[in-house]
Amino acid sequence: MKKLTKILVAGAAALALAFSFVPVTGVLADPVGGLGDGVNQARSNDQPSNLFGDGGIITGVINAVLFIVGILSVVMIIYGGIRYATSAGEAKRVTDAKNTIMYAIVGLIVSILAYAIVNFVIGNIIQS
């Protein structure tokens, strides 16, 4: 079993070494093109041409996900408020309700920050 493992590792290393010397040509070697050009070259005839930007697919998907997360966060804040109001002063139920509200707010903040970071990264990729 040890010999088989050694043979497999040596074979994988040999393949990795062999493919490391393959020259990079075409679009990958051109640093001017950027990610946007590569995506547009990989686009088929049935896909929309605008993947990035204001009316792009990626922007639409990100906005839809943020909208869903926002709705879920508001629903969880309302649910936590109802749990807090109906806790009748029991310490465990009050703590659970406060945690629900706190985690919903934290999730909303994290989703907004993720949205800002993704838009910043996509904006910088398109410009380069």
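Quick caveat: nothing in here was measured; it's all calculated off a predicted structure.
Applying the side chain to side chain donor-acceptor pair (under 3.5 Å) test to Ser111 and every residue at least two apart in sequence or in another chain returns nothing. Residues passing the side chain to side chain donor-acceptor pair (under 3.5 Å) test with Asp96 are Lys92, sequence neighbours excluded. For the side chain to side chain donor-acceptor pair (under 3.5 Å) test, residues two or more places apart in sequence or in another chain that qualify with Tyr115 are Asn63, Asn119.
In the hydrophobic clustering of ILVMFWY residues, with side-chain heavy atoms under 4.5 Å counting as a link, Phe67 and Leu108 come out apart. Side-chain heavy atoms closer than 4.5 Å link hydrophobic residues (I, L, V, M, F, W, Y) into clusters, and following such links, even through other members, never connects Tyr84 to Ile105.
Atom CD1 of residue Ile112 and atom CD1 of residue Ile117 lie 12.0 Å apart, to the nearest 0.5 angstrom. Between the CE atom in Met76 and the CZ atom in Arg83 there is a gap of 7.5 Å [rounded to 0.5 Å].
Smallest separation of non-hydrogen atoms from Thr86 and Arg93: O-NH2, 2.9 Å. Contact detail for Thr100 and Gly80: the closest heavy-atom pair is CG2-CA, 3.9 Å. Nearest heavy atoms, Ser87 versus Val94: OG-CG2, 3.1 Å. Between Ser73 and Gly107, the closest heavy-atom pair is OG-C, 4.4 Å.
When each of Ile71, Leu66, Leu72, Val65 is tested with Ile68 by the rule side chain to side chain contact (heavy atoms under 4.5 Å, CB included), just one qualifies, namely Leu72.
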